[in-house]
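Below is one structure; the comments refer to it alone.
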Amino acid sequence: MLKKTKSGDIVLNSTSIVVLYNIDGDMVRVAAILLDLVNSFLLVRLFRKCYLFNSDGGFILEENEETRIKRSDFPSGFLFGTGTSAYQVEGAYLEDAKSLSNWDVFCHSLGCGENGENGDIADDHYHMFLKDIELMHSLGIQAYRFSVSWARIHPRGRFGKVNPAGIMFYNKIIDNLILKGIEPFVTIHHVEFPQELEDIYGSWLNPEMQEEFIYFADACFKSFGDRVKYWITINEPLLLAEMAYELGVFPPFRCSGPFGNCLDGNSDPKQGGSIGLTVNSKMYEPLTNSELDYQAARRAFVFQSGWTLDPLIFGDYPEEVKEYLGYELPSFSHDEKNFMMNSIDFIGINHYSTTYAKDCTNSSCSATENCAIQGFVGTVGERDGVLIGEHTAVEGSYVVPRGMEEIVNLIKIRYNNKPMFITENGYSSPDVHEQRVDELINDVKRIEYHASYLASLAKSIREGADVRGYFAWSFMDSYEWLKGYNVRYGLHYVDRQTLTRTPKLSAKWYKNFLTNNTDLVNMEASREKLHTNA
Ligand code: FCB
């Protein structure tokens, strides 16, 4: 029984639980104890209002403006999913004829994650994928974004043969997803590739790597293209270039150097797949009202998203990027421009955060900001002593839900409302080391994050943005590149000893959000629409 008291408290009476809950206060006041843990209810404070869940992901008691979001706020063909990538979850790093990837070698020789952690075992998804797909099914998602390990499929690139065991592994994943009604979204290259290609060619610094990529992508299209209808060629090429070739913190640790035209993707037209790629798309707001900061924010967007997307849609680099980096950028021939122009069917947006941008052409900035490759833009999280949003686990990354609407609108306008997917959006809390397991599982902050970012996304869709899907990063806690296992984005908690997966409160919330609605999701319709409009 639910009852509202005069003071605004909600009193819930049942045989199993009696809880006093203050709706409007900042603090949750639990005035009674759980009497029956088996059938327990979970009461969760969300912003200043209450969300109430039963043990199956329950029902919503009350909600507020920022988080009032329903499945039916999105078009019926809209795909909701979760994502992972091969190195971060698979493990089995040398099983069934897989070769060493550049990340295996990096982690083994230099120790890549904090505390020397690596992805040798990761979440052992290689052996546990069936259970994982079961869990995905029980979440009610309609799509799963995962990457294929290059070193598992082509252990030696063009120097060897395709590895049947690798093909078989992904066939099993794809078939089982489809059996459960889950659409596979495949990223072909997500950060790692066979070490041999580094040793022989120097990987992406050599145009031969493009041929390798074509060879690999072709094998994927041929083997899986009859069932996979959504492809992402490369995950976050700009971030990869920055980490691996500018900052030198990801293998192959280059600190400079040109990177060539690494984008291509032709599927067999008969297969009818759609191909896009994902860009890391932070939102930038001007630090002050000055015209210079406005321009800096604009430049930051163009340097980040436009640098990758403009060539694929307009056939050339953005003018602003050419202005600052012209002497270093390769120039495209007429044929190349034509080849690239409009060569993607959709834009994948990986969006997590927003920061302030400040101009560095006229004011003082740090040496790393005040440089051409960053467009002479500095970024800060604070204005007049006030943070733009709460901190997350990643330095310089803040919770700013409005940024979702803003970045989608910017991309919509610049690229003439090309179909978009939010291919990554997720939260990891800043207190990475100190949290207890029960705190990690009762991840209210993650719910707040997803609910408010989804509400912001729904706004942009109402304003006309052609967004076709949303993938929560990540399906489960996994290996987080240089950070190891302490930075957790998962909707499922993974016990590092037993590798047992436990749905977090956010998984229950997502399930509730996805299933509490009568809208039927029509994947076929969404796919057809993509083709008609692309
Ligand atoms: C993105 C990566 C993804 C994951 C998230 C947190 O930049 O694409 O693999 O690490 O960040």
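Indexing begins at 1, ligand by ligand and atom by atom, following the structure's order. We use all heavy atoms of the structure for the numbers below, so side chains are in, but hydrogens, waters and symmetry mates are not. The structure presented is a predicted model; accordingly, all values stated were derived computationally and were not measured.
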Review point. With a cut-off of 4.0 Å, which atoms of ligand 1 are near a heavy atom of Gln88?
Key: 3 (C), 4 (C), 9 (O), 10 (O)
Practice item. Starting from the C-alpha separation in whole Å, work towards a yes-or-no answer on salt bridge (Lys or Arg N to Asp or Glu O under 4.0 Å) for Asp477 and Arg496. Key: CA-CA 10 Å; Asp477 291 342; Arg496 291 306 318 148; over 6 Å; no
Study note, to complete from the structure: Taking only non-hydrogen atoms of Glu236 and a 4.0 Å limit, the atoms of ligand 1 in range are 1 (C), 2 (C), 7 (O), 8 (O)
Review point. Going by the atom numbers of ligand 1, which of them fall below 4.0 Å from some non-hydrogen atom of Tyr489?
Key: 6 (C)
Point to revise | Sequence-distant partners of Cys220, disulfide bond (SG atoms under 2.5 Å apart), two or more places apart | key: none
Review point. Phe80 vs Phe78 aromatic rings, parallel, tilted or perpendicular, using cut-offs 30° and 60°?
Key: tilted
Practice item. Please identify each residue that fulfils salt bridge (charged side-chain N to carboxylate O under 4.0 Å, His left out) with Glu196, with sequence neighbours left out. Key: Arg156
Review point. What protein heavy atom sits nearest atom 5 (C) of ligand 1, and how far away is it?
Key: Tyr352 OH, 3.2 Å
Exercise for review: Could you give me the CA-CA distance, side-chain angles and deciding distance for Met404 and Val408, then say whether side chain to side chain contact (heavy atoms under 4.5 Å, CB included) is met?
Suggested key: CA-CA 6 Å; Met404 176 65 94; Val408 165; 4.2 Å; yes
**Study point:** Lys NZ or Arg CZ of Arg468 over Phe346 ring: under 6.0 Å, within 45°
**Key:** no
Review point. For Trp481 and ligand 1, does the shortest N/O to N/O distance drop below 3.5 Å?
Key: yes
Review point. Do any N/O atoms on Glu480 end up under 3.5 angstrom from N/O atoms on ligand 1?
Key: yes
Study note, to complete from the structure: If you scan protein heavy atoms around atom 1 (C) of ligand 1, the nearest is Glu424 OE1, 3.0 Å
Practice item. Could you tell me if any non-hydrogen atom of Asn235 lies under 4.0 Å from any atom of ligand 1? Key: yes
